[in-house]
Colleague: 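This structure is in structure tokens; I'll ask about it shortly.
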Amino acid sequence: DTWSHFENHSTVLEFILLGLPGDAQTQALLFMLFLVIYLLTLVGNLLLLLAVKTDSHLHTPMYFFLGQLSFLDLCHSSVTVPKLLENLLSVKKSISVEGCLAQVFFVFATGGTESCLLAAMAYDRYVAISSPLLYSQVMSRQLCAGLVWGSWGLAFLDALINILVALNLDFCEAQNIHHFLCELPSLYPLSCSDVSTSFTTLLCSSFIHFFGNFLFILFSYIRILLTILGISSTSGRSKAFSTCSSHLTAVSFFYGSGLLRYLMPNSGSVQELIFSLQYSVITPMLNPLIYSLKNKEVKAAVRRMLRKYL
């Protein structure tokens, strides 16, 4: 019913993704750059995923979550980058309205899952540092699997609610999206109907979902910090902190760029595009690097795996 309303009231059949500015030569260079980034994202995350799956040394909750993060990064970048690459090569940079809404849904769902997963990883680090002796009992297989399924479930429900409300928007004349991908805030200026319901839904769900997870991560790290400060030996402190540094870096990248993107007005400004590129294109590539460069166990596992297969 909502879909038939949408089709009857919207005269626009496709949007134009104006994407990244520049002449044909710049677009060709950007295409090469993002193609390399996408290939590195695929290779880096697949390597990490395989290492976690095949190496028995990495069969612990922390690495289980890391494998899930790699899988999620593969999904998140595959929702955004292929369309961006196609856009950079094509003269008519169009996307069907249905395709655009599908992208809105999957960007929201994968981004929302990552937010939940980073919160689950913060809880994992908190348990590991505050109760090391009970760690394997508390972070059981069932709990880890439950946290992952819960992350996906919550994010997809959130995305579904937002997309169902967005289907009531009408699009009459305006077609140009000043962006390289479809995100809900970018569609509001194009709608010729009242966007307040959709905007309120987006605001409330984002606040609960992203800000809720952010507060949970913050709270976990305050507890972690208090525990670390209570450790008497310096080596013990640095060891405890080093297990968190990778996760903290990943959280900073994801939340820093994501929050800045959504707090900015939809002006199609260069900064807005840069922040969007940061969390939808760059972060999925950086996550495996952040974890593998800072982690001896991951480095050793990848080396063992490469030796075995090459």
Side-chain angles (χ1 to χ4, degrees), residues 1-3 5-6 65 68-80 83 97-124 143-169 177 179 181-188 190-191 193-220 250-251 253-264 266 272 275-276 278-281 283-284 287:
D1 186 43
T2 314
W3 186 250
H5 160 91
F6 179 75
F65 288 125
Q68 294 294 328
L69 187 66
S70 285
F71 175 67
L72 190 58
D73 280 335
L74 285 172
C75 297
H76 191 60
S77 59
S78 297
V79 168
T80 54
K83 185 67 196 171
V97 174
E98 294 88 347
C100 191
L101 287 167
Q103 195 176 42
V104 166
F105 176 80
F106 287 110
V107 166
F108 205 107
T110 51
T113 307
E114 184 147 345
S115 163
C116 287
L117 200 56
L118 288 169
M121 290 169 91
Y123 177 67
D124 169 70
L143 179 67
C144 292
L147 287 169
V148 168
W149 282 110
S151 297
W152 282 97
L154 267 174
F156 270 78
L157 181 67
D158 206 0
L160 187 65
I161 292 167
N162 273 283
I163 209 73
L164 289 174
V165 176
L167 286 175
N168 290 312
L169 297 174
I177 297 175
H179 210 319
L181 72 130
C182 289
E183 289 179 315
L184 214 40
S186 310
L187 297 183
Y188 294 147
L190 306 185
S191 177
S193 59
D194 183 23
V195 298
S196 57
T197 312
S198 179
F199 180 70
T200 310
T201 309
L202 178 67
L203 204 63
C204 292
S205 63
S206 298
F207 190 78
I208 294 164
H209 195 110
F210 291 92
F211 200 63
N213 282 327
F214 184 67
L215 282 178
F216 183 82
I217 292 168
L218 196 64
F219 181 67
S220 296
V251 168
F253 272 121
F254 179 79
Y255 272 98
S257 51
L259 283 172
L260 285 168
R261 158 69 185 100
Y262 278 92
L263 290 174
M264 288 177 88
N266 288 295
E272 190 186 315
F275 288 131
S276 277
Q278 165 81 57
Y279 79 85
S280 59
V281 181
T283 302
N287 275 346

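Bear in mind the structure is a predicted one, so any value in this text is a computation, not a measurement.
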Colleague: Walk me through it: do Ser115 and Tyr255 pass the test side-chain contact (heavy atoms from CB on, under 4.5 Å)?
Modeller: CA-CA 8 Å; Ser115 163; Tyr255 272 98; 2.7 Å; yes
Colleague: Drop me the distance from Leu184's CG to Leu203's CG, to the nearest 0.5 angstrom.
Modeller: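 Between atom CG of Leu184 and atom CG of Leu203 there are 11.5 Å.
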Colleague: Got a second to check how far Asn213's CG is from Leu118's CG, nearest 0.5 Å?
Modeller: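 Those atoms lie 8.5 Å apart.
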Colleague: Who passes side chain to side chain contact (heavy atoms under 4.5 Å, CB included) against Phe216, sequence neighbours left out?
Modeller: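 Scan of Phe216 (side chain to side chain contact (heavy atoms under 4.5 Å, CB included), adjacent residues dropped) gives Ala119, Tyr123, Ser220.
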Colleague: Can you name the residues that form a side chain to side chain donor-acceptor pair (under 3.5 Å) with Glu114, not counting sequence neighbours?
Modeller: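 Applying side chain to side chain donor-acceptor pair (under 3.5 Å) to Glu114 gives Asn287.
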Colleague: About how many Å separate CZ of Phe253 and OG1 of Thr283, when rounded to the nearest 0.5 Å?
Modeller: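 With rounding to 0.5 Å, OG1 (Thr283) is 6.5 Å from CZ (Phe253).
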Colleague: With sequence neighbours excluded, what pairs up with Ser78 under the side chain to side chain donor-acceptor pair (under 3.5 Å) test?
Modeller: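 Scan of Ser78 (side chain to side chain donor-acceptor pair (under 3.5 Å), adjacent residues dropped) gives Tyr38.
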Colleague: Could you work out, with side chain to side chain contact (heavy atoms under 4.5 Å, CB included) as the rule, every residue matching Ser193, not counting sequence neighbours?
Modeller: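 Expected list: Leu169, Asp170, Ser191.
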Colleague: Using residues 99-110 as the side-chain source, report each donor-acceptor pair under 3.5 Å to any protein atom, sequence neighbours left out, with the distance given to one decimal.
Modeller:
unit_1: Gln103; atom_1: OE1; unit_2: Cys182; atom_2: N; d: 2.8
unit_1: Gln103; atom_1: NE2; unit_2: Val79; atom_2: O; d: 3.0
unit_1: Thr110; atom_1: OG1; unit_2: His76; atom_2: ND1; d: 2.6
unit_1: Thr110; atom_1: OG1; unit_2: Phe106; atom_2: O; d: 2.7
unit_1: Thr110; atom_1: OG1; unit_2: Val107; atom_2: O; d: 3.4

Colleague: List in chain and number order the residues that pass side chain to side chain donor-acceptor pair (under 3.5 Å) with Ser198, two or more places apart in sequence or in another chain; answer none if no residue qualifies.
Modeller: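 Side chain to side chain donor-acceptor pair (under 3.5 Å) list for Ser198, sorted by chain: Tyr188.
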Colleague: Using the test ring-ring contact (aromatic ring centres under 6.0 Å, His included), find all partners of Phe219 that sit at least two apart in sequence or belong to another chain.
Modeller: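 In terms of ring-ring contact (aromatic ring centres under 6.0 Å, His included), with neighbours along the sequence ignored, Phe219 is linked to no residue.
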Colleague: If you compare all heavy atoms of Ser186 against all heavy atoms of Ile177, which two are closest, and at what distance to 0.1 Å?
Modeller: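 Shortest heavy-atom contact: CB-CG2, 3.8 Å.
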Colleague: How many angstroms lie between atom OG of Ser70 and atom CZ of Phe65, to the nearest 0.5 angstrom?
Modeller: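 Answer rounded to 0.5 Å: 14.0 Å.
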Colleague: Taking only distance into account, with no hydrogens and no angle test, what donor-acceptor pairs under 3.5 Å do side-chain atoms of residues 150-165 form with protein atoms, sequence neighbours excluded?
Modeller:
unit_1: Ser151; atom_1: OG; unit_2: Leu147; atom_2: O; d: 2.7
unit_1: Asp158; atom_1: OD1; unit_2: Ser205; atom_2: OG; d: 3.4
unit_1: Asp158; atom_1: OD2; unit_2: His209; atom_2: ND1; d: 2.9
unit_1: Asn162; atom_1: OD1; unit_2: Leu202; atom_2: N; d: 3.3
unit_1: Asn162; atom_1: ND2; unit_2: Asp158; atom_2: O; d: 3.0
unit_1: Asn162; atom_1: ND2; unit_2: Ser205; atom_2: OG; d: 2.9

